[in-house]
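Have a look at the structure below, then the notes.
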Amino acid sequence: MFNICSRNSITMRNGSSSHLISYLKLAATTSYTLIPQISNRRFLSVKSSLLIGLPSRRAFSIVFRRANSFQRQQKTISSNCHNCWRCHCGGYNSYSTSAKGSQAEGDDSTGFCINTSEFPPEKIRNFSIIAHIDHGKSTLADRLLELTGTISKSADNKQILDKLQVERERGITVKAQTASMVYQAKDGERYLLNLIDTPGHVDFSYEVSRSLSACDGVVLIVDANQGVQAQTVANFYLAFSKNLVIIPVLNKIDLKHARPDVVTEQLHGLFEIPSESVLRISAKMGIGIDDVLEAVVSRIPHPTGNRDLVTRALIFDSWYDRYKGVALLVAVVDGHLRLSQNITIAQSGKSYETKEIGVLHPDPTPLRTLYAGQVGYLYCNMRSIKEASVGGTIHPTNATVEILAGFKKAKPMVYAGVYPMDQSEHPMLRSALEKLLLNDSSVESKVESSAALGHGWRLGFLGVLHMDVFNQRLEQEYGAQVVLTAPNVPVKAKIFGAKNIKAYGGEIVTVNNPANLPDPVMIEEMSEPFVIGTIITPDVFLGEIMSLCMDRRGVQRDSRNIDSERIMMTFKLPLNEIVVDFYDKLKSITSGYASFDYEELGYEPSNLTIMDILLNGDLIPEMTSIVHVTKAKERGKAICARLKETIPRHQFQIAIQAAVGSRIIAREDIKALRKDVAAKLYGGDRTRRDKLLKRQSEGKKRMKMIGRIEMPRETFIKVLER
């Protein structure tokens, strides 16, 4: 911000001189003289950073254009110089430990300059925070940022790294976020800590897996009140499989019903974690946060990179900026990345020049160089979204390097069709999808078309919550209103006949859209995906959970006691039975105390059939589903009943039918809107009344033949509910 101190003086709030101020003073005074009367001035804001008094709109327009041009030049210069904003020390590769202008009055948090070139790999720690949902990951991240001086201490610091609107509305983390901070350890040394805050829900496990590839250790948080949950188990073994150091932390020890001793025993019994290695904190109250930072420094190993080797960097995330293009989030393994360097992405072979390099602090902070062991971002004038390759290896152009191990491609568990509300919005939706897919590489996309909905896409998600969040982000971030069809799981069909096998390119056909399933007469066998589900619950709900799993065609595989009150069970379950509402049902019957996680088991033969939905005898391909034969009638009745509630009444009767082959298994009717044509009659012969009703009936029949059924947007998503 700039303050007008007098008629001829404009200064920065921090008291420093500025060439921009001189330029503005010159531009303003050569155009119009500044009027000394404050009451006659118009105080206008330029980019929310400039406050200057000008006598007229024309004068403001002149200075605004010149100021904008000058600011763009200064931005380019400053991105090459990278002077520390706090003390203007002119550091070569420096930034400050406190956010610009964010230090509140009375805040005594220390701030000092950071020169990232002074941090060798031995002084760097890359770690992630993992936990079950709602165990306090984001709260701990807030406290770590405050304690290290990265942000100022404030009561408003809640979910600092949860930057998406959907995250703040739902209160969950759906996107991994990175932040760099500097910690002055008790040994007197300063360490550069690169933190990655990860999601906790099973539907976003790919975010966790990808983030861990850039880390050397993790902080595993467990709620001292709730104890070990299903996602806690999954996250532990995910980190364990990657040979990462695990720091166990009990959070929320300040709660009245916290049971730190019991939960510590759970960790020892399940994971053989020594009790003395478990930290006890309260992220909300700020208790024990110093111990977490000290454990990160002392327990987690430093990166093994070498600055003297040829540069190699791993791309583990990306996003799109409307002004700068594609941004790549990278972990530098060897060498260093510098500004204006020619680089190549090994997987695509395309070369670029780095235009901006920096770290997330937690907001983007430009630097000149990223060294081995450091995590940061870069812009390289990449405009095509398809060129970004998450999991790719960056190296200097014309250099030969060993390609880094990338990521195993995510396997979608749920598929759904996405169509624009109006086909005129198709180009806008395509652009929005491309940009959002860049930020969520776990989503699979394929173009498809529908007779009823037009041109659209078939998208694959990791779960229904993932699908719901993706749809919400489309609406909030890009203003896209879409029609989302009912989700389904992929199935495999084994076909017979040489001609059929040749036509489909193989004996086994994987089908993501039920409408594309081969003709049943050529199908020899069908298989559906199964999962191993892990449920942790108080033992008092054992009977209800067993009934729920059996109703969903589940088979119990194992059961073990965690402690005297809680039990962990594993079930073999069809994926189709759990993707929609299983989690909600489980939470309902256990009053929210049970937790659920699952992992892929593979495909197994199953007695499946195709169920079609007909409206007045016309097939609706978007509502075709593949169900187990024992569930077909129940499922058909439920869908027909919900469609009857959703589809508005028309001038003609609508018959809603569910069919398996040529057999109708369920039906509901929506009665036609009718005018009381006999209302004007007040007596006389009955034949007159019958004549009017017959004429009305004939008109309804003709209308039914040519009438078009209008289906609201929510009709397709309503079939989600069981």
Side-chain angles (χ1 to χ4, degrees), residues 130-133 199-209 212 220 227-242 266 269-272 408-415 442 460-466 487-492 510 526-539 541-562 566-587 589-590 593-608 626 628 631:
I130 59 176
H132 187 79
I133 188 172
H201 196 278
V202 61
D203 279 12
F204 307 100
S205 57
Y206 188 68
E207 285 284 325
V208 181
S209 176
L212 295 186
L220 177 65
V228 174
Q229 301 292 312
Q231 195 64 24
T232 309
V233 178
N235 284 334
F236 173 86
Y237 285 113
L238 180 61
F240 185 78
S241 65
K242 294 180 178 291
Q266 293 177 5
L270 288 173
F271 312 127
E272 298 182 357
K408 186 178 179 181
K409 188 177 179 180
K411 291 184 178 181
M413 311 292 276
V414 178
Y415 287 85
S442 62
F461 304 94
L462 300 183
V464 174
L465 177 62
H466 186 202
N488 66 276
V489 302
V491 298
K492 291 185 177 182
T510 302
M526 294 180 65
S527 302
E528 65 176 326
F530 280 76
V531 298
I532 292 294
T534 301
I535 300 175
I536 297 180
T537 177
D539 53 15
F541 303 110
L542 180 59
E544 292 89 340
I545 293 176
M546 291 287 290
S547 298
L548 175 64
C549 293
M550 297 302 179
D551 182 62
R552 300 301 175 91
R553 298 190 284 134
V555 178
Q556 187 173 0
R557 297 281 293 267
D558 189 22
S559 178
R560 59 182 295 191
N561 291 320
I562 297 178
R566 292 158 56 82
I567 189 172
M568 181 171 70
M569 298 179 290
T570 57
F571 287 86
K572 175 184 171 184
L573 291 158
L575 178 61
N576 191 40
E577 298 287 345
I578 68 170
V579 293
V580 177
D581 65 344
F582 180 83
Y583 187 75
D584 294 334
K585 295 284 187 183
L586 180 66
K587 286 290 185 182
I589 64 176
T590 62
Y593 285 105
S595 61
F596 176 69
D597 182 62
Y598 61 87
E599 58 180 310
E600 184 183 5
L601 182 60
Y603 286 79
E604 293 186 8
S606 188
N607 193 5
L608 303 175
I626 300 174
H628 196 268
K631 299 281 187 176

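- When side chains are defined from C-beta on, Leu212 counts as touching Ile130, because their heavy atoms get closer than 4.5 Å.
- The salt bridge (Lys or Arg N to Asp or Glu O under 4.0 Å) search around Glu604 returns Lys572, not counting sequence neighbours.
- For Asp551, the salt bridge (Lys or Arg N to Asp or Glu O under 4.0 Å) partners two or more places apart in sequence, or in a different chain, are Lys631.
- The two residues Asp203 and Leu462 come nearest to each other via the heavy atoms O-CB, 3.3 Å.
- Between Ile545 and Ile589 there is a side-chain heavy-atom pair separated by less than 4.5 Å.
- Residues Asp597 and Val233 fail the side-chain proximity criterion, which asks for heavy atoms closer than 4.5 Å.
- Residues passing the side-chain contact (heavy atoms from CB on, under 4.5 Å) test with Lys411 are Glu600, sequence neighbours excluded.
- In terms of heavy atoms, Gly533 sits closest to Phe596 at CA-CE1, 3.8 Å.
- Considering only residues two or more places apart in sequence or on other chains, Asp558 meets the side-chain contact (heavy atoms from CB on, under 4.5 Å) condition with Thr570.
- With rounding to the nearest 0.5 Å, the separation of CD1 in Ile536 from OG1 in Thr232 is 7.0 Å.
- Between Phe271 and Tyr237, the ring-plane angle classifies as perpendicular under the 30° and 60° cut-offs.
- Between Met413 and Val489 there is no side-chain heavy-atom pair separated by less than 4.5 Å.
- Checking side-chain atoms of Thr590 against main-chain N and O of Ala594 turns up a donor-acceptor pair under 3.5 Å.
- Across all their heavy atoms, Asn235 and Ala131 have their closest contact at ND2-O, 3.2 Å.
- One distance of note links NZ of Lys587 with CG of Asp581; it measures 15.0 Å at 0.5 Å rounding.
- Shown here are the salt bridge (Lys or Arg N to Asp or Glu O under 4.0 Å) partners of Arg553, two or more places apart in sequence or in another chain: Glu528, Glu577.
- In the displayed structure, Phe541 atom CZ is contacted under 6.0 Å by more than 12 heavy atoms of other residues, nucleotides or ligands.
- The OH atom of Tyr598 lies 10.0 Å from the CD atom of Gln231; values are rounded to the nearest 0.5 Å.
- Between Arg552 and Leu573, the shortest heavy-atom distance links the atoms O-CD2, 4.2 Å.
- Among residues at least two apart or in separate chains, there is no salt bridge (Lys or Arg N to Asp or Glu O under 4.0 Å) pair with a member in residues 227-241.
- For Ser559, the side-chain contact (heavy atoms from CB on, under 4.5 Å) partners at least two apart in sequence or on another chain are Gln556, Ile567, Met569.
- Legend: residues meeting side-chain contact (heavy atoms from CB on, under 4.5 Å) with Pro412, ordered by chain and number and at least two apart, are Tyr415, Glu444.
- Scanning all heavy atoms of the two residues, the minimum distance from Pro199 to Val208 falls at O-CG2, 3.5 Å.
- The minimum heavy-atom distance between Pro490 and Tyr603, with the atom names listed, is CG-OH, 3.5 Å.
- Residues passing the ring-ring contact (aromatic ring centres under 6.0 Å, His included) test with Phe204 are His466, sequence neighbours excluded.
- Residues Phe582 and Leu548 have side chains in contact (heavy-atom distance under 4.5 Å, counting atoms from C-beta outward).
- By the ring-ring contact (aromatic ring centres under 6.0 Å, His included) test, Tyr583 pairs with His201, sequence neighbours left out.
- Once rounded to the nearest 0.5 Å, the distance linking SG of Cys549 with CD1 of Ile578 reads 9.5 Å.
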Q: Start with the C-alpha distance between Leu270 and Met568, add both sets of side-chain angles, then the distance that settles side-chain contact (heavy atoms from CB on, under 4.5 Å), and finish with yes or no.
A: CA-CA 10 Å; Leu270 288 173; Met568 181 171 70; 4.0 Å; yes
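- Residues Leu238 and Ser205 have side chains not in contact (no heavy-atom distance under 4.5 Å, counting atoms from C-beta outward).
- Every residue two or more places apart in sequence or in another chain that forms a side-chain hydrogen bond (donor to acceptor under 3.5 Å, both in side chains) with Ser595 is listed here: Gln229.
- With rounding to the nearest 0.5 Å, the separation of CZ in Phe571 from CE in Met546 is 5.0 Å.
- The environment of Lys409 atom NZ is sparse: at most 12 non-hydrogen atoms of other residues, nucleotides or ligands sit within 6.0 angstrom.
- Atom CG of Leu586 sits about 7.0 Å away from atom OG1 of Thr537, to the nearest 0.5 Å.
- His132 meets the ring-ring contact (aromatic ring centres under 6.0 Å, His included) test with His135; sequence neighbours excluded.
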